[in-house]
**Q** 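Sharing a structure with you now.
Here is how names work: the chains are called A, B, and so on, in the same order as the sequence lines, proteins then strands, and each is numbered from 1. Treat the numbers as computed from the prediction; the structure is a model and nothing was measured.
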Amino acid sequence: MWKYFNCLETEVNCKIVLKCGQSFRWKEDPKLPNTWYNVLYGKLWHLKQDDGKIYYKTHSDSNVSSSCTYLLKSGKFISDTEEEQFLRDYFQLDIDIPKLYEKWSNADKNFSQLKTNFCGIRMLRQDPVENLFSFICSQNNNIKRISQLVEKLCENYGNTIVESEGVTHYSFPSLKALSAPGVEEKLRQLGFGYRAKFIHASAKFIETNHGGEDWLYKLRKKSYEDAHTELVSLPGVGAKVADCVCLMSLDKTEAIPIDTHMWQIALRDYLPHLKKNKTVTDKAYREIGDFFREMYGEYAGWAHTVLFSADLKRFEDLKSSGTKSLDKRKKDMNIKKKTKKKKVK
DNA sequence: CCCTATCCTGCCT
DNA sequence: AGGCAGGATAGG
């Protein structure tokens with residue numbers, strides 16, 4: 001039933017990688033610990049990491065997979081016999097993470113303290129359509145609600161892939177489905193708020209101005225700068241979302257999304273002089289990105305994800321260890337805000 | 001260039 | 001019942 005290949009946790013740490021906010025659809029199976037499932041490219045996938053191996057199996061009722069637009073780096077479509085190859089591509093296993101960790105540790109003392117507790121954190125190579133629209137949903141939201149919204153997109157505009165144990169699993173919707181008339185109204189009704197307009201408008205924009213999702217895939221072949229410039233021309237896509245898409249699905253390893261978490265990390269540990277800023281200006285945004293790119297090199301975006309995940313994990317641990325520590329952290333943040341305001345005045 | 005207000009909603013306190 | 005969240009945008 002399960003197939004597998006060898007893969008150490010120092011290479012891939014599924015527990016973190018699948019749940020750190022790169023991708024919003026991986027769910028841990030409550031009955032099978034350390035097991036996750038998700039629909040990718042027309043199939044329902046189950047993954048399990050154990051004993052230096054990654055186990056996997058897939059299901060699909062329909063032949064949706066034959067119509068999916070996904071291409072492996074080799075340029076081939078995925079078929080049943082190529083599932084391992086697909087996973088190696090999805091996890092980008094040709095990239096030697098321990099070696100990169102070594103490099104980043106030498107460049108950054110702060111990083112070297114993380115490397116033992118947070119090993120095996122790497123970028124997934126996601127589908128650009130799912131990646132783009134998930135991150136349009138992400139603005140002014142937390143992971144939990146982003147996941148809920150993404151799921152609603154799939155339920156309402158995706159295809160049924162497989163039904164098992166009373167649960168229907170859907171694919172992520174196509175660009176065409178999201179650009180159909182009435183989508184904005186429907187999404188508003190479903191609780192997307194002002195993001196409804198952006199989702200519909202971006203889908204339509206790509207369809208009419210660029211001729212469909214092929215344009216998105218082709219951004220993989222363009223430079224980081226070019227791809228970024230193209231993406232921010234979409235409605236609802238600013239520098240941060242564009243960098244997420246560049247990094248997570250367009251093979252731009254140097255792209256560094258600066259969200260409020262990374263902003264805090266940068267102020268705290270690397271660029272304290274930016275504390276004078278009230279908001280993340282375009283200039284500061286670039287300064288932070290350039291700083292990390294200079295320090296970490298070609299795969300700076302991947303290094304950023306390690307910093308980010310470590311910070312996120314700490315925060316979640318605080319949360320689950322009781323409300324006391326959460327309150328304390330919140331209070332700390334409030335105090336900081338107040339003192340900051342005073343300084344400005 | 002920097003700053004501010006506004007956009008929606010659910011989840012949290 | 002009010003604050004706020006893994007932002008984007010328009011306008012001053």
**Q** Salt bridge or not for R268(A) and D311(A), using N-O below 4.0 Å?
**A**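 Looking at R268(A) and D311(A), the cut-off is met.
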**Q** So, is R188(A) close to the dC8(B) phosphate, meaning a side-chain N or O under 4.0 Å from OP1 or OP2?
**A**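 Answer yes for this pair, as a side-chain N or O of R188(A) is under 4.0 Å from OP1 or OP2.
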**Q** Starting at CZ of F133(A) and ending at C1' of dG6(C), how long is that distance when rounded to a whole Å?
**A**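 Spelled out: CZ on F133(A) to C1' on dG6(C) is 19 Å.
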**Q** Measure CD/Q264(A) against P/dC4(C) and give the value in whole Å, please.
**A**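 The answer, rounded to whole Å, is 13 Å.
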**Q** Take atom CD1 of I143(A) and atom C1' of dG10(B), then tell me their distance rounded to the nearest Å.
**A**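 One finds 16 Å between C1' of dG10(B) and CD1 of I143(A), rounded.
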**Q** Side-chain heavy atoms under 4.5 angstrom apart, residues restricted to Ile, Leu, Val, Met, Phe, Trp, Tyr: same cluster for L8(A) and V306(A)?
**A**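 No, it is not one cluster - the side chains of L8(A) and V306(A) are not joined through contacts under 4.5 Å.
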**Q** Please check the phosphate of dT4(B) (OP1 and OP2 only) for any side-chain N or O of K278(A) closer than 4.0 Å.
**A** yes
**Q** Could you give the distance separating dC3(B) and dG6(C) at their P atoms, to the nearest angstrom?
**A** 23 Å
**Q** Could you tell me the separation between the CG atom of L187(A) and the P atom of dG10(B), rounded to a whole number of Å?
**A**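 Spelled out: CG on L187(A) to P on dG10(B) is 13 Å.
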**Q** For K144(A), report the nucleic acid contact type (base, sugar-phosphate, nothing); a contact means any heavy atom under 4.0 Å.
**A**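 The residue K144(A) makes sugar-phosphate contact but no base contact.
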**Q** Who passes salt bridge (Lys or Arg N to Asp or Glu O under 4.0 Å) against K109(A), sequence neighbours left out?
**A**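 K109(A) satisfies salt bridge (Lys or Arg N to Asp or Glu O under 4.0 Å) with no residue once adjacent residues are dropped.
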**Q** For residues N156(A) and Y170(A), is any side-chain donor paired with an opposing acceptor at under 3.5 Å?
**A** no
**Q** Expressed in angstrom and rounded to an integer, what is the separation of Q189(A) atom CD from dT9(B) atom P?
**A**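 Computing the Q189(A):CD to dT9(B):P distance gives 11 Å.
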**Q** Atom NZ of K276(A) to atom P of dC2(B): distance rounded to whole Å?
**A** 9 Å
**Q** Scan nucleotides 7-12 of chain C nucleotide by nucleotide, 5' to 3', and note B when protein non-hydrogen atoms come under 4.0 Å of the base, S if they reach only the sugar-phosphate, - if neither.
**A** BSS---
**Q** Where the side chain of K283(A) is concerned, which of dG10(B), dC2(B), dG6(C) is the nearest nucleotide?
**A**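 That would be dC2(B).
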**Q** Between dC4(C) and dT4(B), how far is it from one P atom to the other, in whole Å?
**A** 16 Å
**Q** Any ion pair linking E11(A) and K99(A) (charged N to carboxylate O, less than 4.0 Å)?
**A** no
**Q** Tell me which nucleotide among dT9(B), dC2(B), dG6(C) gets nearest to the side chain of T281(A).
**A**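 Looking only at heavy atoms from C-beta outward on T281(A), the closest nucleotide is dC2(B).
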**Q** Excluding sequence neighbours, so at least two apart, what forms side-chain contact (heavy atoms from CB on, under 4.5 Å) with E184(A)?
**A**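 If we apply the side-chain contact (heavy atoms from CB on, under 4.5 Å) test to E184(A), skipping adjacent residues, the hits are R188(A), A196(A), K197(A), H200(A).
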**Q** Considering non-hydrogen atoms only, spot the tightest contact between I136(A) and P235(A) and give its length.
**A** CD1-O, 4.4 Å
**Q** How does the hydrophobic cluster around W2(A) look, that is, which other residues are in it when side-chain heavy atoms under 4.5 Å mark a link?
**A**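 When side chains under 4.5 Å apart are linked, the cluster holding W2(A) also contains Y4(A), Y55(A).
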**Q** Is the phosphate of dT9(B) approached by Q148(A) (side-chain N or O, under 4.0 Å from OP1 or OP2)?
**A**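 Looking at the OP1 and OP2 atoms of dT9(B), neither is under 4.0 Å from any side-chain N or O of Q148(A).
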**Q** Taking atom P in both dC8(B) and dG11(C), compute the distance separating them and give it to the nearest angstrom.
**A**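 My reading of the P atoms in dC8(B) and dG11(C) gives 16 Å.
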**Q** Can you tell me how far P of dC8(B) sits from CG of N142(A), to the nearest Å?
**A**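 Rounded to the whole Å, the gap is 19 Å.
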**Q** Regarding F308(A), tell me which of base, sugar-phosphate or nothing describes its non-hydrogen contacts under 4.0 Å with the strands shown.
**A** base
**Q** Could you state the CD1-C1' distance from I265(A) to dG6(C), rounded to the nearest angstrom?
**A**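 Atom CD1 in I265(A) sits about 11 Å away from atom C1' in dG6(C).
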**Q** F205(A): what forms a ring-ring contact (aromatic ring centres under 6.0 Å, His included) with it, not counting sequence neighbours?
**A**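 F205(A) satisfies ring-ring contact (aromatic ring centres under 6.0 Å, His included) with H210(A) once adjacent residues are dropped.
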**Q** Is a salt bridge present between K3(A) and E84(A), judged by a nitrogen-to-oxygen distance below 4.0 Å?
**A**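 Looking at E84(A) together with K3(A), the answer is no, because their closest N to O distance does not fall below 4.0 Å.
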**Q** Students often get this wrong, so: under 4.0 angstrom with heavy atoms, is C137(A) touching a base, only sugar-phosphate, or nothing?
**A** nothing
**Q** For the residue pair T35(A) / D29(A), report whether a side-chain donor-acceptor contact shorter than 3.5 Å exists.
**A** no
**Q** Quick one: stems for DNA chain C, with Watson-Crick or G-U pairs under 3.5 Å, at least three in a row?
**A**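 So the stems come out as B:2-7 with C:7-12, B:9-13 with C:1-5.
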**Q** Could one point to a donor on the side chain of R195(A) or the base of dC8(B) with an acceptor on the other under 3.5 Å away?
**A** yes
**Q** Looking at dC2(B), dA5(C), dC3(B), which one has an atom nearest to any side-chain atom of T279(A)?
**A**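 Ranking dC2(B), dA5(C), dC3(B) by closest atom to the T279(A) side chain puts dC3(B) first.
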**Q** Under 4.0 Å, heavy atoms only, any strand: does I146(A) hit a base, just the sugar-phosphate, or nothing?
**A** nothing
